[in-house]
Number of protein chains: 2
Amino acid sequence: MDEINRKIVNLLQQDSSITNQQLAEAIGLSPASSLERVRKLERSGVIRGYTALMDRRKLGKHIKAYIFITMRQHNAQLMNRFNQAVADLPEVMECDRLAGEKDYLMKVVCDNIEDFEAFTRERLTTIPGIDRTSSTIVLSTLVERSGVEY
Amino acid sequence: MDEINRKIVNLLQQDSSITNQQLAEAIGLSPASSLERVRKLERSGVIRGYTALMDRRKLGKHIKAYIFITMRQHNAQLMNRFNQAVADLPEVMECDRLAGEKDYLMKVVCDNIEDFEAFTRERLTTIPGIDRTSSTIVLSTLVERSGVEY
DNA sequence: CTTGAAATAACATAGGT
DNA sequence: ACCTATGTTATTTCAAG
């Protein structure tokens, strides 16, 4: 991972639709070498994939919220079941296990507040092992970056 | 936004590196029509852009954390300054204004715990108007989705 | 890593249903 | 809106240095 790969990573995070020729010019290498480096980054798993970023509001997803989750117990079986159940909820964009009092934090996106309420009541809090949840609605987003600076 | 556009949105979120021919086949249209729909989604802002997803650990970013922020006062000037300051912090991946007791929640990524400590002490809590912050380190990630289901 | 060449494939556009 | 057809451009692979 030298300076040229850093540039590749940053440029492809900014805009992965650039042509290999543009990328090659930007990093100061030939198109052949540029492509070889990109392929190597893909094969090594540094680049996990390519995605199109959508405007969630234009897709009708007007509610973004964070939900803290505390488990009743912390045994492996309940945690595994929870893990599985959360992976099957399409509203969950992100779910992290935390170091601290609360066990998990998840970021959720829904069409509207009614759907959000139905989601938490019918599909989230029905997962076995959950003690309590605490939801916070997002009012506005100041920063939303697609990639890390490298 | 018909059923075909839904498919396009979902497919491009899954993998934006597919060729237009593959996309056309998957949605059941000719390559020309497929491309025209994609361009229209781009122009209308439904598709905000294209990005490469990176493995943050392989880029040396080992710490992910959430930080709650409470402001001393809630006047417009302080909020604007905060907004500007946060946008200039590359460690901040996401920052949302919340409805509730805490004012903001930000997701941060750093190389290691020392950098995280330095970040909070030297560059975050020095922003004017912040009353207090509360950090939670992420232990592991259960779900991390790049796009919404549509 | 570079250049250059050749094969393949994608893109953009035009004209027609 | 969609399709087919066409010229242009980009990508990919390979060889040689």
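What you see is a predicted model, and the numbers here were worked out from it, not measured in a lab. Letters A, B, ... are given to chains in the order of the sequence lines, protein chains preceding strands, and every chain is numbered from 1.
Listed in residue order, the members of residues 29-53 of chain B having a heavy atom less than 4.0 Å from DNA chain D are B:Leu29, B:Ser30, B:Ala32, B:Ser33, B:Arg37, B:Lys40.
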Could you walk me through whether B:Thr70 and B:Asp103 pass the side-chain hydrogen bond (donor to acceptor under 3.5 Å, both in side chains) test, one step at a time?
-> CA-CA 5 Å; B:Thr70 312; B:Asp103 293 312; 5.1 Å; no
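With rounding to whole Å, B:Ile18 atom CD1 is found 17 Å from D:dT11 atom P. B:Gln22 has its CD atom 15 Å from the C1' atom of C:dC11, to the nearest Å. Whole-Å rounding puts the B:Glu25 CD to C:dA9 C1' distance at 15 Å. Going from atom CD of A:Gln21 over to atom P of D:dT11 covers 5 Å, rounded to whole Å. Atom CG in B:Leu23 sits about 12 Å away from atom P in C:dA10, given to the nearest Å. Atoms CG (B:Asn20) and P (C:dT8) sit 21 Å apart, rounded to a whole Å.
Atom CD of A:Glu101 has 12 or fewer heavy atoms from other residues, nucleotides or ligands within 6.0 Å. Environment of CD in B:Glu117: crowded, with over 12 heavy atoms of neighbouring residues, nucleotides or ligands closer than 6.0 Å.
A tilted orientation is assigned to the rings of B:Phe68 and A:Phe68, their planes being inclined by 30° to 60°.
Ion pairing between B:Arg39 and B:Glu42 holds under the 4.0 Å rule for side-chain N and carboxylate O.
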List the atom pairs, with distances to 0.1 Å, where a side-chain N or O of residues 142-150 of chain B and a protein N or O form a donor-acceptor pair under 3.5 Å, not counting sequence neighbours.
from	atom 1	to	atom 2	distance (Å)
B:Arg145	NE	A:Val92	O	2.9
B:Arg145	NH2	A:Leu89	O	2.6
B:Arg145	NH2	A:Val92	O	3.3

